[in-house]
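First up is the structure itself, then whatever we jot down about it.
All residue numbers refer to positions in the sequence shown, counting from 1.
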Amino acid sequence: TNLTMLRLGSNSLSGSIPPELGNLTNLTHLHLDTNQLTGSIPVELGNLTELYSLNLSDNQLTGSIPTELGNLTNLTYLSLRDNQLSGSIPPELGNLTNLYHLDLSSNQLTGSIPPELGNLSYLYFVYLNNNQLTGSIPTWLGNLTYLIRLCLDNNQFSGAIPPALAEIDSIDISNNPKLDRNILIELYSSTY
């Protein structure tokens with residue numbers, strides 16, 4: 001229970017994530033990425049309120065993203081990419097106001113981007129690409145003044161591209177065929 005760092009990434013671990021890991025309340029880093037883990041993300045991980053970094057990417061995790069992850073208010077890095085997570089993005093992730101890196105890409109997430117993510121004013125990197133997200137691209141993304149990379153490609157977004165996104169250093173919104181082509185041309189022109 002005094003453990004502060006647990007890194008088991010890039011192995012061949014299988015089975016589910018033990019909910020007992022939620023008892024390691026002094027953990028600041030939990031990396032279980034690049035394994036063959038299955039099952040859902042245990043809600044007990046929401047007890048790890050000292051976590052700065054949580055990386056569960058490149059596994060075969062299923063189910064929804066637990067709303068309890070919104071309790072991890074010290075978190076600066078969250079990566080759940082390359083799994084088989086489904087359902088919507090929990091609005092509770094908007095509580096992670098210290099987050100600078102959010103990667104939920106390459107899952108099966110649906111619904112729209114919750115407006116609560118607009119509270120994450122320290123975000124530098126946002127990867128939501130390769131999901132099944134719908135709705136319009138939120139205009140509040142342009143208010144995230146530190147944002148330097150935004151990847152929304154390979155979703156099902158529709159409507160216009162907010163002109164405020166022209167300030168972001170690197171943006172990829174390709175392969176969203178319903179987006180307004182004229183706004184895309186205008187956005188491209190404004191970067192040169």
What side-chain donor-acceptor pairs closer than 3.5 Å can you find for residues 72-80, not counting sequence neighbours?
from	atom 1	to	atom 2	distance (Å)
Asn74	ND2	Thr49	O	2.9
Thr76	OG1	Tyr52	O	3.0

Distance-only donor-acceptor pairs under 3.5 Å for side chains of residues 39-47, two or more places apart:
from	atom 1	to	atom 2	distance (Å)
Asn47	ND2	Glu44	O	3.3

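For the side-chain contact (heavy atoms from CB on, under 4.5 Å) with Leu109, the lone residue among Asn130, Leu133, Asn155 that qualifies is Leu133.
Scanning for ring pair (Phe, Tyr, Trp, His ring centres under 6.0 Å) contacts around Phe125 gives His101, with sequence neighbours left out. Remark: Asp33 engages no residue in a salt bridge (charged side-chain N to carboxylate O under 4.0 Å, His left out) (not counting sequence neighbours). Evaluation of the side chain to side chain donor-acceptor pair (under 3.5 Å) rule for Thr34 yields no partner, not counting sequence neighbours.
Side-chain contact between Val126 and Leu117: absent, with no pair of heavy atoms (C-beta onward) separated by less than 4.5 Å. Between Ile17 and Leu61, the closest side-chain pair of non-hydrogen atoms falls below 4.5 Å. The shortest side-chain heavy-atom distance between Leu30 and Leu51 falls under the 4.5 Å cut-off.
Leu56 CG to Asn35 CG: the interatomic distance, rounded to the nearest 0.5 Å, is 10.0 Å.
In plain terms, the two heavy atoms of Asn131 and Ser106 that are nearest each other are ND2-N, 4.0 Å. Smallest separation of non-hydrogen atoms from Leu144 and Leu120: CD2-O, 3.5 Å. Annotation for Trp140 and Pro115: closest pair NE1-CA, 3.7 Å, computed over non-hydrogen atoms.
Residue pairs meeting the salt bridge (charged side-chain N to carboxylate O under 4.0 Å, His left out) criterion with at least one partner in residues 102-117, sequence neighbours excluded, are Arg81-Asp103.
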